[in-house]
Undergrad: 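Next up is a structure, given as structure tokens.
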Amino acid sequence: MTEKGQDDFGFVEHDHRRRGVYLLPGAFTVGNLLCGFYAVLAAQQGGAAQLDDAARAIGFAILFDAFDGFIARMTRTNTDFGKQFDSLADMVSFGMAPVALAYAWGVQVMMRADGAEARYVHQLAWLVCLAFVICCAWRLARFNVQGMAPGGGLRYFVGMPTPAAAGVIAATVHAAGEPLLDWRWSLAWLALILTVAWLMVSSIRYPSFKDLPWARKQHSLWYIAAALLVGSIIKYSEVVLILIAGGYLVSGLGVHVVRLVRHRLVSRTA
């Protein structure tokens, strides 16, 4: 086939610039994807130990996702291909893996109980988990198109970021341990998942921590605080991680409420 014929079928790339992904940030993205894939498989087994392993895997996926973006910004190795690859990996690790874990931990064991309540909760859980996946995909697509919050530079996300949303689910499972058996607790669990899904697609601003001066010299107390935080996570992961996840969730809501109150007060005095 001639080159002209190939062009007619769209096989020739007119823009000869290389489109690819750099090795180091790409390796962290693969690590993110691998953790998400493992979390899905572990959640399907349904045992308490396997569910905790799935929650831990999502936690490691969050770390990999944070490092691939950090390294890409520090080394100026951002590419369009890497951006799309990262979004697809996030869809697995922070979209499919959390709902697989949430369903297995909060609904699957409860379904074994007899009663109409269990069947109704199961039907509701299917819709809530689907809503979470759709909101995750929506959030990732919106970020790829719009980027960070307008006027805020790199300081804020628009909506709760998908790793944080997945972290709420993973931290809760890791802290609680045994799967839910009461349909009432399952309903509360589904309400939390639906709330987190809504926060992802909302216009509420959440801090990104991308504007922190990581490359500058810092006071020695910051290193001590970081060491204490890491040590606390290692020793008391159940408590510390749920506090971090819950605190981040509430932070965006709190700031949003304060902004609304200030706006109304200014409007009344004007």
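Since the model is a prediction, treat every value here as computed from it, not as a measurement.
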Undergrad: Check step by step if side chain to side chain donor-acceptor pair (under 3.5 Å) holds for N144 and S87.
TA: CA-CA 8 Å; N144 288 344; S87 292; 3.0 Å; yes

Undergrad: Any chance CD of E178 has more than 12 other-residue heavy atoms, nucleotides or ligands included, within less than 6.0 Å?
TA: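 Check fails, neighbour count at 12 or below.
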
Undergrad: Rounded to the nearest 0.5 Å, what separation is found between the CE atom of M96 and the CG atom of L101?
TA: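 Going from CE on M96 over to CG on L101, the span is 12.5 Å.
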
Undergrad: Please verify the inter-ring angle class for W189 with W105; under 30° counts as parallel, over 60° as perpendicular, anything in between as tilted.
TA: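 The rings of W189 and W105 stand perpendicular, inter-plane angle above 60°.
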
Undergrad: Rounded to the nearest 0.5 Å, how far apart are CG of D86 and CG of D90?
TA: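 If we round to the nearest 0.5 Å, D86:CG and D90:CG are 4.5 Å apart.
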
Undergrad: Is it the case that one hydrophobic cluster holds both I234 and I224, taking links as side-chain heavy atoms less than 4.5 Å apart, direct or via other members?
TA: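 No, because I234 and I224 fall into different hydrophobic clusters, even though each may have its own neighbours under 4.5 Å.
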
Undergrad: Shortest non-hydrogen contact from A55 to A170?
TA: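 Nearest pair, atom of A55 first, then A170: CB-O, 3.4 Å.
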
Undergrad: So, do V99 and L130 sit near enough that their side-chain heavy atoms are less than 4.5 Å apart?
TA: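 With C-beta onward as the side chain, the pair stays apart.
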
Undergrad: F60 and I244: same hydrophobic cluster, using ILVMFWY side-chain contacts below 4.5 Å?
TA: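 Hydrophobic grouping puts F60 apart from I244.
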
Undergrad: Is R142 reaching over with its side chain to a backbone N or O of V158, donor-acceptor style, under 3.5 angstrom?
TA: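 Yes, because the side chain of R142 sits within donor-acceptor range (under 3.5 Å) of the backbone of V158.
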
Undergrad: As an exercise, state the distance from CZ of R56 to CG of D52, rounded to the nearest 0.5 Å.
TA: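 Output value for this atom pair is 4.5 Å.
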
Undergrad: Any idea which heavy atoms bring V133 and G95 closest together, and the distance?
TA: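 Closest approach of V133 to G95, heavy atoms only: CG2-O, 3.9 Å.
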
Undergrad: Answer yes if L229 and L243 sit in the same cluster of Ile, Leu, Val, Met, Phe, Trp and Tyr residues linked by side chain heavy atoms under 4.5 Å apart, and no otherwise.
TA: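 As far as the 4.5 Å side-chain criterion goes, L243 and L229 are not connected within one cluster.
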
Undergrad: Assess the residue pair T162 and D65 against the criterion (side-chain contact (heavy atoms from CB on, under 4.5 Å)); give the C-alpha distance rounded to whole Å, side-chain angles, the decisive distance to 0.1 Å, and a yes or no.
TA: CA-CA 10 Å; T162 56; D65 182 67; over 6 Å; no

Undergrad: If every non-hydrogen atom of M200 is compared with every non-hydrogen atom of C136, which pair is closest and at what distance?
TA: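 Distance-wise, the nearest heavy atoms are CE-N, 3.7 Å.
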
Undergrad: Are F132 and P98 packed together at the side-chain level, in the sense that at least one heavy-atom pair is separated by less than 4.5 angstrom?
TA: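 F132 reaches P98 side chain to side chain.
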
Undergrad: Decide yes or no on side-chain contact (heavy atoms from CB on, under 4.5 Å) for Y248 and M160, but give the supporting numbers first.
TA: CA-CA 9 Å; Y248 188 78; M160 191 176 193; 4.2 Å; yes

Undergrad: Decide whether N32 and D68 meet the rule of one side-chain donor and one side-chain acceptor closer than 3.5 Å.
TA: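 Per modelled atom types, N32 and D68 side chains form no pair under 3.5 Å.
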
Undergrad: Run the side-chain contact (heavy atoms from CB on, under 4.5 Å) test on L190 and L124 for me, step by step, so that the C-alpha distance in whole Å, both residues' side-chain angles and the decisive distance to 0.1 Å come before the verdict.
TA: CA-CA 8 Å; L190 295 178; L124 181 61; 4.1 Å; yes

Undergrad: Do the side chain of S186 and the main chain of G106 share a donor and acceptor less than 3.5 angstrom apart?
TA: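 Between the backbone of G106 and the side chain of S186 there is a qualifying donor-acceptor contact (under 3.5 Å).
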
Undergrad: Give, for atom CD of Q108 and atom CG of L51, the distance between the pair rounded to the nearest 0.5 Å.
TA: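 CG of L51 is found 8.0 Å from CD of Q108.
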
Undergrad: Measure the CG-CG distance between L33 and L88 for me, rounded to the nearest 0.5 Å.
TA: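 If I round to the nearest 0.5 Å, the distance is 9.0 Å.
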
Undergrad: Count I, L, V, M, F, W, Y as connected when their side-chain heavy atoms are under 4.5 Å apart, and connections chain through other members. Are L140 and W198 then in the same cluster?
TA: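 L140 and W198: one cluster.
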
Undergrad: Treating Y38 as the side-chain partner and I58 as the backbone partner, does any N or O pair qualify as donor plus acceptor under 3.5 Å?
TA: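 The answer is no, because no donor-acceptor pair under 3.5 Å joins these two groups.
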
Undergrad: Is there a side-chain contact between L34 and F64 (heavy atoms, below 4.5 Å)?
TA: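 No; the side chains remain at least 4.5 Å from each other.
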
Undergrad: If every non-hydrogen atom of I62 is compared with every non-hydrogen atom of P163, which pair is closest and at what distance?
TA: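 For I62 versus P163, the nearest heavy atoms are CD1-O, 3.3 Å.
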
Undergrad: With side chains defined as the heavy atoms from C-beta onward, is the minimum distance between L127 and Q123 less than 4.5 Å?
TA: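 In short, these two side chains do not touch, never coming nearer than 4.5 Å.
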
Undergrad: For L249, is there any backbone N or O sitting under 3.5 Å from a side-chain donor or acceptor partner on Y206?
TA: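 Yes, the answer is positive, given that a donor and an acceptor are paired below the 3.5 Å cut-off.
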
Undergrad: Return the minimal non-hydrogen interatomic distance between A54 and A42, and the atom names on each side.
TA: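 Nearest pair, atom of A54 first, then A42: CB-CB, 3.9 Å.
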
Undergrad: Shortest non-hydrogen contact from L194 to V128?
TA: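 Here L194 and V128 meet closest at N-CG1, 4.1 Å.
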
Undergrad: Can a donor-acceptor pair be found between the side chains of Y103 and H122 at a distance below 3.5 Å?
TA: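 H122 and Y103 do have a side-chain donor-acceptor pair below 3.5 Å.
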
Undergrad: Do side-chain atoms of R205 reach the backbone of H256 as a donor and acceptor pair under 3.5 angstrom?
TA: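 No, the answer is negative, given that no donor and acceptor are paired below the 3.5 Å cut-off.
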
Undergrad: Carefully, step by step, assess L253 and L199 under the rule side-chain contact (heavy atoms from CB on, under 4.5 Å).
TA: CA-CA 9 Å; L253 288 172; L199 288 174; 3.6 Å; yes

Undergrad: Quick one: pull up SG in C135 and CD1 in I193 and give me the separation to the nearest 0.5 Å.
TA: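 One gets 12.0 Å once the value is rounded to the nearest 0.5 Å.
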
Undergrad: Does F143 belong to the same Ile/Leu/Val/Met/Phe/Trp/Tyr cluster as I204, with side-chain heavy atoms less than 4.5 Å apart forming each link?
TA: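 Yes, F143 and I204 fall within the same hydrophobic cluster.
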
